[in-house]
Amino acid sequence: TLVLATAVLLMTAPYAKNLALFGTANASSWAGMSLLRTAHAHGSPALRRQLLAQGVLSQAGAVGAFRPLASYPGSSAAPCPTADPALCSPAKRGGQPNFNHRAYIELSRQMAGDAWVLYAAEPSAWARTQLGAWLAWLRPVGVYPFLAPAREPIEDLQRNWATVLLLETDGAPVVLALGVFAALGLLVRRLLLAWRLNLRGPEAALIAVAAWTVIWVAMVGNTLEFGENYRFRAYLDPLFLALVAAGCSAVWRTRPAAQT
């Protein structure tokens, strides 16, 4: 019980801190902005202008997410209750927008509502975005642009890997990692086996937590992100591979005995 209470306390501490400091218990102040970016990805600019003229969509929702603070009328002039430049400076030292500015908290809330307005007005665009997000999630994390310098010495190997073992879809910058489907099948097989055998104890708990982590991060990440979805695999792949190994082991142990 003490261990469980400690774990729950550690998990909820960041949310309590954000609630005390910023008035919101979210893990990130960017969630609404990320949601709006998915709504803009395949949405119609003409429809956004129409909804803005009707007063259904806010100015921030029409402008889009992750823009400099000056792009949102009135936001840059909002008073900041602290002198901390990390929270109150509109730009970083290098001139890039500072998305940690406190004003983005309220903007993000507004953008979340705007995203749902756009989803309701154009559900087919949202469906295309979600399909693209999940397909992008299947791309190997090695294609992440920030990894390009580290990938350069093995670029030929990476190119041959993509050509021989991965499938490039026509007309979209998406690569399907076919092995992920096999891995998902093994994971489901292992979970079904544990359920059928009424497995209890640490092994069952470990498998359940690991599987839930993979599913939760994939669901939330792909709902709120469009474009760099494969970067979530950098965090999930080690856990995913461990689950697949457990699935393979379970399948091997339950194979029919060889006939002599």
Side-chain angles (χ1 to χ4, degrees), residues 24 26-75 96-97 99-101 103-146 162 166-178 180-181 184 214-236:
T24 177
N26 291 337
S28 171
S29 60
W30 295 359
M33 293 195 291
S34 295
L35 200 62
L36 182 66
R37 180 164 60 182
T38 67
H40 273 233
H42 289 287
S44 166
L47 176 62
R48 291 197 292 270
R49 290 192 295 268
Q50 178 184 343
L51 294 174
L52 176 64
Q54 294 173 352
V56 178
L57 191 68
S58 75
Q59 185 68 40
V63 170
F66 296 103
R67 305 294 176 84
L69 201 56
S71 302
Y72 308 107
S75 296
Q96 303 93 337
F99 295 121
N100 294 314
H101 195 289
Y104 283 105
I105 297 175
E106 187 55 41
L107 281 170
S108 185
R109 290 196 189 102
Q110 178 62 59
M111 290 180 186
D114 289 327
W116 290 112
V117 169
L118 292 172
Y119 289 160
E122 199 173 10
S124 61
W126 176 80
R128 290 196 301 273
T129 299
Q130 286 300 296
L131 176 61
W134 280 95
L135 292 177
W137 181 73
L138 292 173
R139 300 182 70 184
V141 71
V143 302
Y144 195 29
F146 289 143
L166 303 177
L167 175 65
E168 179 111 20
T169 60
D170 184 26
V174 173
V175 178
L176 296 181
L178 300 181
V180 174
F181 293 112
L184 284 172
V214 171
I215 294 170
W216 176 257
V217 173
M219 292 291 294
V220 174
N222 290 327
T223 299
L224 296 178
E225 176 63 43
F226 179 79
E228 297 181 1
N229 303 74
Y230 45 85
R231 63 189 170 92
F232 301 125
R233 297 271 302 281
Y235 312 107
L236 292 181

**Q.** Reported OG-to-CG distance for the pair Ser29 and Asn100, which is rounded to 0.5 angstrom
**A.** 6.5 Å
Q.
Can a donor-acceptor pair be found, under 3.5 Å and without considering hydrogens, that links the side chain of His40 to the backbone of Gly61?
A. yes
Q.
My understanding is that only one of Gln110, Arg67, Gln59, Glu106 makes a side chain to side chain contact (heavy atoms under 4.5 Å, CB included) with Tyr72; could you say which?
A. Arg67
Q: Can you measure from CD (Gln130) to OG1 (Thr223) and round to the nearest 0.5 angstrom?
A: 5.0 Å
**Q.** Heavy-atom closest pair, residues Leu47 and Ala121
**A.** CD2-CB, 3.9 Å
Q: Mind listing the closest non-hydrogen atom pair of His42 and Ala125 along with its distance?
A: O-CB, 3.4 Å
Q) Given the rule in the side chain to side chain contact (heavy atoms under 4.5 Å, CB included) test, do Trp126 and Leu118 qualify, once you have shown the distances and angles that lead to the verdict? A) CA-CA 8 Å; Trp126 176 80; Leu118 292 172; over 6 Å; no
**Q.** Point-to-point distance, once rounded to the nearest 0.5 Å, from CG of Leu57 to CE of Met111
**A.** 10.5 Å
Q | Residue among Ser71, Pro97, Ser34 satisfying side chain to side chain contact (heavy atoms under 4.5 Å, CB included) with Phe66 | A | Ser34
Q | side chain to side chain contact (heavy atoms under 4.5 Å, CB included) between Trp30 and Leu224, worked out | A | CA-CA 10 Å; Trp30 295 359; Leu224 296 178; over 6 Å; no
Q) Leu236 and Ala218: which non-hydrogen atoms are nearest, and at how many Å? A) CD1-N, 4.3 Å
Q. Do Leu131 and Arg128 touch side chain to side chain, with heavy atoms closer than 4.5 Å?
A. no
Q. If you round to the nearest 0.5 Å, how far is OH of Tyr119 from CG of Leu36?
A. 8.0 Å
**Q.** Considering all heavy atoms, the nearest Phe232-Val217 contact
**A.** CB-CG1, 4.5 Å
**Q.** Contacts of Ser108 that satisfy side-chain contact (heavy atoms from CB on, under 4.5 Å) - sequence neighbours left out
**A.** Met33
Q. Got a donor-acceptor contact below 3.5 angstrom from the Asp114 side chain to the Ala112 backbone?
A. no
